[in-house]
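What follows is a single structure, written as structure tokens, with notes after it.
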Amino acid sequence: MPVTSRALLRWQFDLTWSLFEYHLERLDAADFLWEPAANCWTVRRDPDSGWTPDWADTEPDPIPVPTIGWLSWHIGWWWTVASDHLGGRPPRQHTDIGWPGAGEPTVAWLRGLRVEWLGQLDRLTDADLDRTAPFPWQDDDEHTVAHMLGWVNAELMKNAAEIGQLRLLRVVASG
């Protein structure tokens with residue numbers, strides 16, 4: 001039975017999301033800001049603007065270990081930008097993407113991004129998948145919207161695995 005590219009990408013997304021949901025259901029608010037190492041990236045409370053993620057324009061060496069809070073903001077940031085591109089909206093900058101806060105607010109935000117993404121995916125045609133993708137490869141006409149969808153799936157899978165590993169380490173560390 002032949003499978004369309006869109007159906008395969010949707011199946012892969014749904015599989016990745018189910019693995020992510022396993023961890024989302026088990027996160028508690030304290031998991032988000034737990035710092036697993038001294039050299040760590042997290043989200044910090046700013047009384048004027050809510051939560052601010054640690055950020056560097058060039059990747060530091062060594063790379064800081066991210067917290068679940070930072071990773072969840074990171075997912076929201078790249079996913080929002082990918083969704084902006086897919087929806088034909090001007091893409092937002094990382095400074096425009098706020099983090100809702102530890103626990104249920106962030107879990108609900110990520111689930112909301114999933115619903116929006118699925119709505120966009122379900123409207124795509126094969127011709128749409130073959131269009132040039134403007135993100136994450138700027139000025140590269142060799143990558144298509146199908147490539148972008150595959151990248152989103154891979155990025156979500158990677159970030160979900162990182163969050164899951166951090167959650168498991170925190171459980172073990174707290175005894």
Side-chain angles (χ1 to χ4, degrees), residues 9 12-86 91-118 133-138 143 147-175:
L9 288 163
Q12 185 184 46
F13 176 84
D14 289 340
L15 174 64
T16 300
W17 184 264
S18 71
L19 298 170
F20 189 33
E21 189 65 46
Y22 175 84
H23 295 293
L24 286 178
E25 290 172 351
R26 290 159 177 81
L27 288 172
D28 64 45
D31 292 331
F32 285 82
L33 299 176
W34 176 69
E35 296 188 7
N39 183 20
C40 200
W41 269 2
T42 191
V43 285
R44 301 181 193 283
R45 192 65 145 139
D46 181 332
D48 297 327
S49 62
W51 293 92
T52 303
D54 292 332
W55 182 265
D57 288 328
T58 58
E59 195 164 75
D61 183 19
I63 298 170
V65 177
T67 63
I68 291 174
W70 190 91
L71 286 165
S72 61
W73 166 81
H74 179 69
I75 292 169
W77 167 57
W78 61 252
W79 209 356
T80 298
V81 173
S83 188
D84 286 345
H85 281 287
L86 194 59
R92 287 167 266 188
Q93 300 297 313
H94 76 273
T95 53
D96 298 329
I97 309 303
W99 187 66
E104 188 54 36
T106 290
V107 171
W109 176 51
L110 294 172
R111 288 177 176 149
L113 288 172
R114 174 187 170 266
V115 169
E116 179 184 349
W117 187 250
L118 291 177
F135 180 79
W137 310 275
Q138 284 75 28
H143 289 92
H147 286 102
M148 182 176 72
L149 300 181
W151 174 84
V152 164
N153 290 346
E155 190 70 17
L156 181 60
M157 189 179 310
K158 177 185 79 70
N159 289 155
E162 291 168 324
I163 287 172
Q165 190 65 41
L166 286 168
R167 186 185 70 78
L168 294 171
L169 286 171
R170 182 171 183 277
V171 168
V172 170
S174 64

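All residue numbers refer to positions in the sequence shown, counting from 1. Treat the numbers as computed from the prediction; the structure is a model and nothing was measured.
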key: Trp79 backbone acceptor or donor facing Ser83 side chain under 3.5 Å   = no
Distance (rounded to the nearest 0.5 Å) between Leu118 CG and Leu113 CG = 11.0 Å
note = Residues Trp34 and Ala173: closest non-hydrogen pair is CZ2-CB, 4.1 Å
inquiry  = For Ile63, is there any backbone N or O sitting under 3.5 Å from a side-chain donor or acceptor partner on Trp41?
reply    = no
key: Partners meeting side chain to side chain contact (heavy atoms under 4.5 Å, CB included) with Asp46 (sequence neighbours left out)   = Asp48, Ser49, Thr52
ask   = Are the side chain of Thr106 and the backbone of Ala102 linked by a donor-acceptor contact shorter than 3.5 Å?
value = no
key: Polar side-chain atom of Asn153 near backbone of Thr16 as donor-acceptor pair, under 3.5 Å   = no
query = Side chains of Trp99 and Ser72: does their closest heavy-atom pair fall under 4.5 Å?
reply = yes
message = Using a 3.5 Å distance criterion without hydrogens, assess whether the side chain of Trp70 forms a donor-acceptor pair with backbone atoms of Asp54.
response = yes
key: pair Leu169-Pro36: side-chain heavy atoms closer than 4.5 Å   = no
query = Are the aromatic ring centres of Trp151 and His147 under 6.0 angstrom apart?
reply = no
What pairs of donor and acceptor atoms, side-chain ones from residues 156-165 against any protein atom, are under 3.5 angstrom apart with sequence neighbours left out?
{"from": "Asn159", "atom 1": "OD1", "to": "Trp78", "atom 2": "NE1", "distance (Å)": "2.9"}
{"from": "Asn159", "atom 1": "ND2", "to": "Glu162", "atom 2": "OE1", "distance (Å)": "2.8"}

request  = Begin from the C-alpha positions of Val171 and Asp31 and carry the test side-chain contact (heavy atoms from CB on, under 4.5 Å) through to its verdict.
outcome  = CA-CA 9 Å; Val171 168; Asp31 292 331; 5.6 Å; no
message = With side-chain hydrogen bond (donor to acceptor under 3.5 Å, both in side chains) as the rule and sequence neighbours excluded, what pairs involving residues 20-29 come up?
response = Trp17-Glu21, Glu21-Arg111, His23-Arg167
ask   = Looking only at heavy atoms, what is the nearest atom pair of Val152 and Ala82, with distance?
value = CG2-CB, 3.9 Å
Working for side-chain contact (heavy atoms from CB on, under 4.5 Å), residues Leu86 and Trp117 = CA-CA 9 Å; Leu86 194 59; Trp117 187 250; 3.7 Å; yes
query = Are Ile75 and Trp109 close enough, and set up right, to give a side-chain contact (heavy atoms from CB on, under 4.5 Å), and what steps lead you there?
reply = CA-CA 10 Å; Ile75 292 169; Trp109 176 51; over 6 Å; no
ask   = What closest approach, in Å, do Trp51 and Gly101 show between heavy atoms, and which atom pair accounts for it?
value = NE1-CA, 3.7 Å
Residues that Ala38 engages under side chain to side chain contact (heavy atoms under 4.5 Å, CB included), provided they are two or more places apart = none
key: Partner set under side chain to side chain contact (heavy atoms under 4.5 Å, CB included) for Leu15, not counting sequence neighbours   = Trp11, Ser18
task = Would you name the heavy atoms of Asp84 and Pro91 that are closest together and state the gap between them?
result = OD2-CA, 3.5 Å
task = Would you name the heavy atoms of Ala37 and Cys40 that are closest together and state the gap between them?
result = O-CB, 3.4 Å
key: Non-hydrogen side-chain atoms of Thr67 and Leu166 separated by less than 4.5 Å   = no
task = Flag the pair Leu149 / Phe13 as yes when at least one side-chain heavy-atom distance between them is below 4.5 Å, and no otherwise.
result = no
task = Using side chain to side chain donor-acceptor pair (under 3.5 Å) as the criterion, list what pairs up with Asn39, not counting sequence neighbours.
result = none
ask   = Hey, what do you get for CG (Leu71) to OG1 (Thr42), rounding to the nearest 0.5 Å?
value = 9.5 Å
message = For a quick test of reading the model, state the closest non-hydrogen atom pair linking Arg92 to Val81 and the distance between them.
response = O-CG2, 3.2 Å
